[in-house]
Number of protein chains: 2
Amino acid sequence: MSLKHAILTLLETEDGTGYDLLKRFEDHLGYFWNASHQQIYAQLKTMHKGALIDCQLEAQDDKPDKKIYTLTDSGRQALSEWVQQPLKLGKVKDALLVKIYAGHLANKEQLLEEMLHYRDSHKRMLQTFLAIEDEYRNSSKKKQQELAMPFLTLRRGIIGEKACIEWAEEVINYLQKQTAGANK
Amino acid sequence: MSLKHAILTLLETEDGTGYDLLKRFEDHLGYFWNASHQQIYAQLKTMHKGALIDCQLEAQDDKPDKKIYTLTDSGRQALSEWVQQPLKLGKVKDALLVKIYAGHLANKEQLLEEMLHYRDSHKRMLQTFLAIEDEYRNSSKKKQQELAMPFLTLRRGIIGEKACIEWAEEVINYLQKQTAGANK
DNA sequence: TATTGATATGCAATAAGTTGCATATTACTG
DNA sequence: CAGTAATATGCAACTTATTGCATATCAATA
């Protein structure tokens, strides 16, 4: 399992509650890892039982207590062991491609619309990433060195989004020719 | 679930046994969908129960019987319904990026080696895809029209692999500078 | 002739992920 | 003052996927 390792990674950077982690998945790891709050809370419970993380209750007036999780030595070790050992190649599951593969069954106009939407989503994502990149490039040398590795994951996002858009344009181009031809 | 739809898609192109489907996942959909044989056989069973597919036993001398599955009308309809309706965005899970994110904990040489291996795998994959592309471009106009949509999925593969390689080069470049610097 | 690899199928246990529901507070908006 | 969104947590049921095991034949190889 790797949600475990994703959580260890986030906690290694900074302690936090389940909710914090959820936000950080959305904001920082969102491009390459997703997890629902249910999954995160369940995983934290398991990891706490397994002594990979500690939990401090922070009482808050009126609000329910926060559970702030921190790495234990054992958790830190598990993380660095995981980072050392090679990964097996991850499995891909892209339903959109299955759909395109079976695209002759689809209404071309509808497919075109979906592709336009797909392209635009990815364009928006790219803009977001580019803004973060800009911020990084304008930060201090020290900060840049600190964030060098996370920055490389951002680069993956940027390069990946550009690829998505490039491909989407090809598909859109093809579908537009098709639908234009059909209306002649 | 979408393994169901991936299987429907494959069977729509051509009837086949579970084993055939496994091979076709590996050879054709491999870039964007993976499934183990256990998953496929179990899914076929479920789909057969649900009357999305039919099953003809083909007796073979000595060898165990083949179960050749074909789409039913109901299966064909389920597929075209699925193709019509818009998808929700798929979730990404890329453990390598989690690892890079936590890369400051890793041995840089080891990480470098893993990235070199990653790049080379993707280079090989790209070569394979380019060869298939070449084959397509040298086939008849008729064939090209028939395979237009699957060809677009191949294009996704090609563009995606190029992006992987480009990113890998960036990471490798960074890691090489780091390890060189450390040895000075 | 023994072993390996490809063909061909499947069950059972476990792990991982999704969906739906549930609660409780605070802060903002209409 | 009612409704919505954000904060903060979790259970239970269900679906989906992985891992390990199991069987049986045929063809080629060592």
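Lettering of chains follows the sequences in order, A, B, ..., and the numbering in each one begins at 1.
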Visitor: With a 4.0 Å cut-off on heavy atoms, is A:Q38 in touch with a base, just the backbone sugar-phosphate, or nothing at all?
Guide: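 Counting heavy atoms under 4.0 Å across all strands, the contact made by A:Q38 includes a base.
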Visitor: State which of C:dC11, C:dT18, C:dA8 makes the closest approach to the side chain of B:D20.
Guide: C:dA8
Visitor: So, OP1 or OP2 of C:dA16: does either fall under 4.0 Å of a side-chain N or O from A:K4?
Guide: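 False: A:K4 side-chain N/O out of range (4.0 Å or more) of C:dA16 OP1/OP2.
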Visitor: For C:dG17, does either OP1 or OP2 sit under 4.0 Å from a side-chain N or O belonging to B:K93?
Guide: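 For C:dG17, OP1 or OP2 has a side-chain N or O of B:K93 closer than 4.0 Å.
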Visitor: In whole angstrom, what separates B:L3's CG from C:dT18's P?
Guide: 16 Å
Visitor: Grab the NZ-P distance between A:K91 and C:dA16 for me, whole Å please.
Guide: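 Spelled out: NZ on A:K91 to P on C:dA16 is 15 Å.
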Visitor: For A:S36 and C:dT19, is the shortest distance between a side-chain N/O and OP1 or OP2 below 4.0 Å?
Guide: no
Visitor: Does B:R156 pair with A:E170 as a salt bridge, N-O distance under 4.0 Å?
Guide: no
Visitor: Using 4.0 Å as the upper bound for N to carboxylate O, is an ion pair formed by A:K162 and A:E166?
Guide: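 Here A:E166 does not pair with A:K162 in a salt bridge, since their nearest N and O are not under 4.0 Å apart.
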Visitor: Quick check: does any side chain N or O of A:R155 sit under 3.5 Å from a backbone N or O of B:W167, one acting as donor and the other as acceptor?
Guide: no
Visitor: More 5' along DNA chain C: B:K23 or B:Y69, using each one's nearest nucleotide?
Guide: B:K23
Visitor: Could you state the atom-to-atom distance from OH of B:Y41 to C1' of D:dT18 in whole Å?
Guide: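 Distance, rounded to whole Å: 17 Å.
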Visitor: C:dG20 P sits how many Å from A:H37 NE2, rounded?
Guide: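 Going from NE2 in A:H37 over to P in C:dG20 covers 13 Å.
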Visitor: Starting from P on D:dA6, measure out to CZ on A:R24 and report it in whole angstrom.
Guide: 20 Å
Visitor: Please determine whether a side-chain nitrogen or oxygen atom of A:K45 lies at a distance below 4.0 Å from atom OP1 or OP2 of D:dC11.
Guide: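 Yes, within the criterion.
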Visitor: Any idea which of C:dT18, D:dT7, C:dT9 is nearest the A:Q39 side chain?
Guide: C:dT18
Visitor: Rounded to whole Å, please give me the gap between CG in A:L22 and C1' in D:dA6.
Guide: 11 Å
Visitor: Rounded to the nearest angstrom, tell me the gap between atom CD in B:Q43 and atom C1' in C:dC11.
Guide: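 The answer, rounded to whole Å, is 16 Å.
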Visitor: Indicate yes or no: does A:E161 engage A:K123 in a salt bridge with an N to O separation below 4.0 Å.
Guide: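 Salt bridge flag = no for A:K123 with A:E161.
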Visitor: Would you kindly give the NZ-to-C1' distance between A:K67 and D:dG10, to the nearest whole Å?
Guide: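 From A:K67 NZ to D:dG10 C1': 8 Å.
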Visitor: For B:Y19 and A:W33, find the nucleotide of DNA chain C closest to each by heavy atoms; which residue's nucleotide sits nearer the 5' end?
Guide: B:Y19
Visitor: Look at all strands and tell whether A:K88 reaches a base, only sugar-phosphate, or nothing, counting heavy atoms closer than 4.0 Å.
Guide: sugar-phosphate
Visitor: For B:D20, is there any backbone N or O sitting under 3.5 Å from a side-chain donor or acceptor partner on B:T17?
Guide: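 Yes, the answer is positive, given that a donor and an acceptor are paired below the 3.5 Å cut-off.
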